[in-house]
Amino acid sequence: MIVGVPTEIKPDERRVALTPAGAAAFRHHDHTVLVQRGAGLGSGFADNEYRAAGARVTDSAAAIWRRAALILKVKEPQPSEFRYLRPGLILFTYLHLAAERGLTRELLKRRVDALGYETVQLDDGSLPLLAPMSEVAGRLAIQVGGWCLEAQNGGRGVLLSGAPGVRPGKVLIIGGGIAGFNASRVAAGVGAEVTIMDINPTRLRYLGDLLGGRVTTVMSNRATLEEEVTNCDLVIGAVLVPGARAPRLLSAKIVSQMRPGAAIVDLSIDQGGIAETSAPTTHARPTFIRNGVVHYCVTNMPAMVPHTSTFALTNATLTYALEIADHGILEAGLQNAAIRHGVNTYDGHVVHPAVAQALKMKPHSPWK
């Protein structure tokens with residue numbers, strides 16, 4: 001199979017979908033790898049490293065999209081790339097279609113077979129290709145949250161660690177998954193007062209044990225959520241329903257009741273965000289102030305650290321991408337249920353049930 005790796009064109013996106021070592025793995029399986037010139041520079045990989053790994057480096061994104069049967073990307077196709085989409089093309093990338101009706105319409109109209117990294121799911125319910133970026137985003141969330149709280153950025157001037165004789169900042173993390181756990185660990189590490197909320201008591205018990213009592217765990221319901229949100233300095237939104245739109249847990253009214261200059265870092269923004277006041281932002285303009293609260297809603301946070309993120313991403317995706325290249329999407333899905341869960345669209349139909357429900361469409365499985 002011909003595998004294509006175009007340069008990412010989303011604003012400030014410096015990651016690349018494949019490392020040179022990953023390209024060598026595809027060549028070992030007798031596949032052809034086409035990499036766009038400069039695609040890896042933002043992550044620290046030179047074109048000659050890809051050539052040394054056996055990949056072919058080309059100037060033209062159009063040629064890669066036209067020739068490749070499997071396109072590997074990091075982020076969803078941008079509007080200027082829609083013209084490259086075609087029937088039978090296999091696209092493997094982060095999609096987040098529940099919040100992208102326009103992109104979904106294009107994938108269906110052009111009959112693209114699209115798999116979302118975020119919906120590849122193991123039998124235990126875990127999401128192995130979302131996990132590495134969730135870990136990175138969770139750790140970055142406290143770093144950027146502290147920045148949002150600085151006075152010159154519109155924040156209330158709180159240092160999360162506090163100071164001798166001064167209370168530390170209060171951090172509320174909504175969602176106890178991988179991103180939430182990593183955020184809570186970093187927040188506790190800098191000395192903040194940390195509360196983590198989830199709807200699963202077993203998960204909260206596990207997190208409490210894992211973090212050695214350095215965080216407070218609270219069951220999430222409407223009453224406790226409102227109480228905690230209005231009494232904290234920084235909210236980290238880390239709620240995920242695989243394939244579906246993130247639940248809107250924070251109304252504009254609740255946000256308006258937060259402390260003036262408090263901050264929200266909405267890690268769920270790729271799936272629509274957990275706050276009614278959230279809206280996607282970019283690295284160039286990462287924040288806005290709404291209802292007196294600083295919002296940080298960058299949709300590709302791990303692009304801040306592309307070298308680390310690219311290695312973490314390829315480590316996770318490579319095995320699945322090789323299976324798809326070796327067997328094709330249908331056979332790979334038959335052999336591996338995780339890949340089957342990852343398919344979002346196929347031959348003009350929505351496949352993933354949660355995506356279909358979010359977009360009010362009827363799911364269709366090509367394996368029935």
- Polar side-chain atom of Asn336 near backbone of Ala332 as donor-acceptor pair, under 3.5 Å: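 Not at all, since once roles are kept as given, no pair shorter than 3.5 Å links the two residues.
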- Query: Can you check whether Val293's main-chain N or O pairs, donor with acceptor, with Asn291's side chain at less than 3.5 Å?
  - Reply: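 Checked: no pair found.
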- Qualifying residue for side-chain contact (heavy atoms from CB on, under 4.5 Å) with Asp198, from Ile196, Thr202, Asn200: Asn200
- Task: Identify the residue among Thr224, Thr217, Thr216, Val215 that makes a side-chain contact (heavy atoms from CB on, under 4.5 Å) with Thr195.
- Result: Thr216
- Going by heavy atoms in the side chains, are Ile173 and Phe181 under 4.5 Å from each other?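 They are not in side-chain contact.
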- Message: We want to know whether Asn153 and Thr287 form a side-chain donor-acceptor pair, criterion being a heavy-atom distance below 3.5 angstrom.
- Response: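 Judged by distance alone, the side chains do not pair up.
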- Tell me yes or no: between the side chains of Asp326 and His29, is some donor less than 3.5 Å from an acceptor?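 A pair is found: one side chain offers a donor N or O, the other an acceptor, under 3.5 Å apart.
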- Which pair of non-hydrogen atoms, one from Thr314 and one from Leu18, has the smallest distance, and what is that distance? OG1-CA, 3.7 Å
- Task: Looking only at non-hydrogen atoms, find the nearest pair between Cys232 and Lys170 and report the distance.
- Result: CB-O, 3.7 Å
- Should Leu313 and Leu240 be regarded as members of a common hydrophobic cluster, given that ILVMFWY residues are connected when their side-chain heavy atoms come within less than 4.5 Å of each other, either directly or indirectly? yes
- Message: Taking Phe82 as the starting point, is it possible to reach Phe92 by hopping between hydrophobic residues whose side chains are less than 4.5 Å apart?
- Response: no
- Task: Please lay out, stage by stage, how Glu276 and Lys253 fare under the test salt bridge (charged side-chain N to carboxylate O under 4.0 Å, His left out).
- Result: CA-CA 9 Å; Glu276 194 174 38; Lys253 181 180 178 182; over 6 Å; no
